[in-house]
Amino acid sequence: MFNTRVKIKTLLAQEPQNLEVTVMGWVRTFRNNQFIALNDGSTGNNLQVVAELGKFDEELLKRITTGASLKIKGTVVPSLGKGQKMDLVAQSIEVLGDSDAEKFPLQPKKHSLEFLREIAHLRFRTNTFSAVFRVRHTLAFAVHKFFNEKGFVYLHTPIITASDAEGAGEMFRVTTLPFDNPPRNEDGSINYKEDFFGRATNLTVSGQLEGELGAMAFSDIYTFGPTFRAENSNTTRHLAEFWMIEPEMAFHDLEDNMNLAEEFIKYIIKHAIDNNKEDLEFLAQRLADEEKQLPQDKRSEMGLMEKLEFVLNNNFERITYTEAIDILINSPAYKKKKFQYDVKWGIDMQSEHERYLVEKHFKKPVIVTNYPKDIKAFYMRQNEDGKTVAAMDILAPGIGEIVGGSQREERLEKLEERMMQMHIPAAELWWYLDTRRFGSVPHAGFGLGFERMVQFVTGMGNIRDVIAFPRTPKSAEF
RNA sequence: UCCUCAGUAGCUCAGUUGGUUAGAGCAUCUGACUGUUAAUCAGAGGGUCACUGGUUCAAGUCCAGUCUGAGGAGCCA
């Protein structure tokens with residue numbers, strides 16, 4: 001029976017009044033052959049356990065090494081030292097699992113994030129990663145809480161999909177056919193009729209199309225699940241496997257969509273501040289220390305906590321694509337030819353353009369709406385001007401696009417016409433088009449990259465450090 | 001995929017115009033000390049200089065290729 005133990009978070013919240021308790025956790029450091037910093041992951045803070053001199057035999061003390069797991073019974077008393085309010089004076093110490101000090105890779109010192117990525121199975125045991133993943137949990141929980149409170153239905157859309165029509169990127173093939181000798185048609189092409197599903201299948205790149213089917217019955221649904229892109233992307237903000245949140249709402253237009261997205265983002269940030277203040281403060285300090293090494297002009301103007309409070313207390317800037325282009329063309333940066341890529345109406349904005357708008361011009365999250373139809377997906381609702389669609393992207397400082405969404409084209413003829421123009425096989429998507437045939441309604445939705453949200457809230461610069469076991473090109477360890 | 005940079009001890013790094021036995025801090029081990037806060041002090045051990053090939057009397061250092069990692073770009077969330 002292990003359940004009689006007290007979690008360190010619970011213990012540290014109490015006053016030290018000679019309580020007798022049992023704790024379990026992992027050794028962070030063992031100082032002076034006397035003081036054990038014990039952590040059980042319930043909080044970033046360690047419990048200081050005091051092993052009084054002469055009370056325990058040498059053989060046991062030698063086994064108290066960084067990384068070892070311990071069960072300790074003792075009495076909680078006010079600490080004589082300065083760094084903590086309480087000590088657990090040990091009566092008994094049991095080593096549950098040894099950790100060979102010569103082989104355990106984590107040391108009580110600062111490690112590079114790159115190195116920790118190589119030992120991702122152990123990095124949860126560091127201050128930084130335990131904070132990041134507690135915050136990640138809180139954010140995930142807040143996602144469900146937000147939508148649940150609003151009466152959304154959590155819809156589990158399929159991971160394996162037969163449609164490759166979304167056009168959201170390269171897909172991973174799912175098959176049970178043998179690679180060395182697949183069944184073939186007479187013309188030499190692979191015969192997918194013999195494959196597991198009787199057709200070619202892939203891992204999903206988006207649950208949106210299925211999400212729309214749900215919205216046409218429940219009014220409001222959201223998905224929150226793994227999403228896969230087989231792009232050869234090597235950046236600090238792309239993963240081959242990531243988690244995406246995709247709400248879809250019937251009887252919503254573009255403005256409703258923006259309102260919901262903004263409220264949603266603020267809600268989950270607030271939830272993290274309310275529930276993980278210590279972790280966020282730790283991460284803020286980490287970020288500040290890291291930025292001290294940068295030249296002044298590369299440092300953030302705001303600390304992490306300030307940035308989050310700022311986002312909560314200010315409305316996101318809302319501009320149309322056309323206005324965004326005007327701002328860029330009239331910017332000092334453009335006039336001084338600072339942009340590598342030219343700006344004119346119709347272009348797909350480059351990272352440098354988005355960064356300028358968000359980080360230099362507005363200095364806060366920006367929602368850009370009504371993009372040219374030629375650079376956006378087939379399902380977005382066509383505007384009256386004949387040139388633009390009711391799309392909206394939310395751009396966040398330091399991250400770039402964090403949300404991509406739109407009001408959907410609910411008019412069957414318009415949708416079919418657009419699919420034809422963009423060479424989307426309508427026959428394959430008969431089920432999708434059926435929603436426009438039977439009780440079609442104006443509706444809208446968006447996709448939010450969960451890891452990018454976690455990056456924004458934790459201040460972590462690399463997306464590989466906010467997902468437990470990142471999948472990127474040439475990397476699928478663990 | 002493209003561009004740039006990097007790969008030297010378990011970790012973080014230094015290593016001069018190519019030249020004797022490749023160094024430091026931390027970690028580890030041994031000992032000392034004992035109310036410490038990444039404890040401290042003394043000593044010791046620890047290297048396929050990413051890999052393959054080449055140039056040279058001589059390569060960690062120069063050249064080519066490969067692999068891996070990082071940053072930026074594209075694709076996007």
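Every chain is numbered from 1, with letters handed out A, B, ... down the list of sequences. Worth saying up front: this structure is predicted, and the values here are computed from it rather than measured.
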Discussion item. Taking the P atom in each of B:C41 and B:G25, what is the distance between them to the nearest angstrom?
Written reply: 11 Å
Fill in: For B:A27, the Watson-Crick or wobble partner whose two distances fall under 3.5 Å
none
Worksheet item: Would you say a side-chain N or O of A:R31 is under 4.0 Å from OP1 or OP2 of B:U36?
Response: no
Discussion item. Applying the Watson-Crick and G-U wobble criteria at under 3.5 Å, what pairs with B:C62? Answer none if nothing qualifies.
Written reply: B:G54
Item to complete: Mind checking A:D87 for me? I need base, sugar-phosphate or nothing, with any heavy atom below 4.0 Å counting as a touch.
Response: base
Item to complete: Answer yes or no: is there a donor N or O on one side and an acceptor on the other, between the side chain of A:N276 and the main chain of A:D279, under 3.5 Å?
Response: no
Item to complete: Would you please indicate yes or no on a ring centroid separation below 6.0 angstrom for A:Y154 and A:F147?
Response: no
Fill in: A:K270 atom NZ, neighbour heavy-atom count above 12 within 6.0 Å
no
Practice prompt. Between B:C75, B:U36, B:G74, spot the one nearest the side chain of A:D348, thanks.
Written response: B:C75
Worksheet item: Side-chain N or O of A:S112 less than 4.0 angstrom from OP1 or OP2 on B:C11?
Response: no
Worksheet item: Reckon A:G447 touches a base, only the sugar-phosphate, or nothing at all at heavy-atom distances under 4.0 Å?
Response: sugar-phosphate
Discussion item. Would you say the rings of A:H271 and A:F146 are close, in the sense that their centroids are separated by under 6.0 Å?
Written reply: no
Item to complete: Determine the Euclidean distance between corresponding P atoms of B:C33 and B:A42; express it in Å to zero decimal places.
Response: 16 Å
Practice prompt. Using the C1' atom as the reference point in each nucleotide, state the distance between B:U36 and B:A22 in Å, no decimals.
Written response: 37 Å
Discussion item. Once hydrogens and angles are ignored, does a donor-acceptor distance under 3.5 Å link the base of B:U36 to the side chain of A:Q84?
Written reply: yes
Practice prompt. Would you kindly give the CD1-to-P distance between A:I36 and B:U36, to the nearest whole Å?
Written response: 17 Å
Worksheet item: Counting only side-chain N and O atoms of A:T236, is one of them less than 4.0 Å from OP1 or OP2 of B:G72?
Response: yes
Worksheet item: Within the structure, does a side-chain N or O atom of A:R117 lie under 4.0 Å from either OP1 or OP2 of B:A70?
Response: yes
Discussion item. Aromatic contact between A:F133 and A:F124, with the criterion being ring centroids under 6.0 Å apart: yes or no?
Written reply: yes
Worksheet entry | Nearest to side-chain heavy atoms of A:N232, which nucleotide of B:U1, B:A70, B:G74 | B:U1
Worksheet item: When only distance counts, do a donor and an acceptor, one from the side chain of A:N234 and one from the base of B:G71, lie under 3.5 Å apart?
Response: no
Fill in: cation_pi(A:K307, A:F456) dist<6.0 Å, angle<=45
yes
Worksheet item: Taking the P atom of each, how far is B:A6 from B:A64, in whole Å?
Response: 14 Å
Worksheet item: Taking a pair as Watson-Crick or G-U wobble with both distances under 3.5 Å, which nucleotide is matched to B:A73?
Response: B:U1
Worksheet item: Between B:A59 and B:G54, how far is it from one C1' atom to the other, in whole Å?
Response: 11 Å
Discussion item. Any strand counts, and the cut-off is 3.5 Å on both contacts for Watson-Crick or G-U wobble. Which nucleotide pairs with B:U48?
Written reply: none
Worksheet item: Quantified in whole Å, what is the P atom distance between nucleotide B:A24 and nucleotide B:G47?
Response: 14 Å
Worksheet item: Which residues in residues 449-460 of chain A have at least one heavy atom lying under 4.0 Å from any atom of RNA chain B?
Response: A:G449, A:R452
Worksheet item: Is the ring centre of A:F228 less than 6.0 Å from the ring centre of A:F242?
Response: no
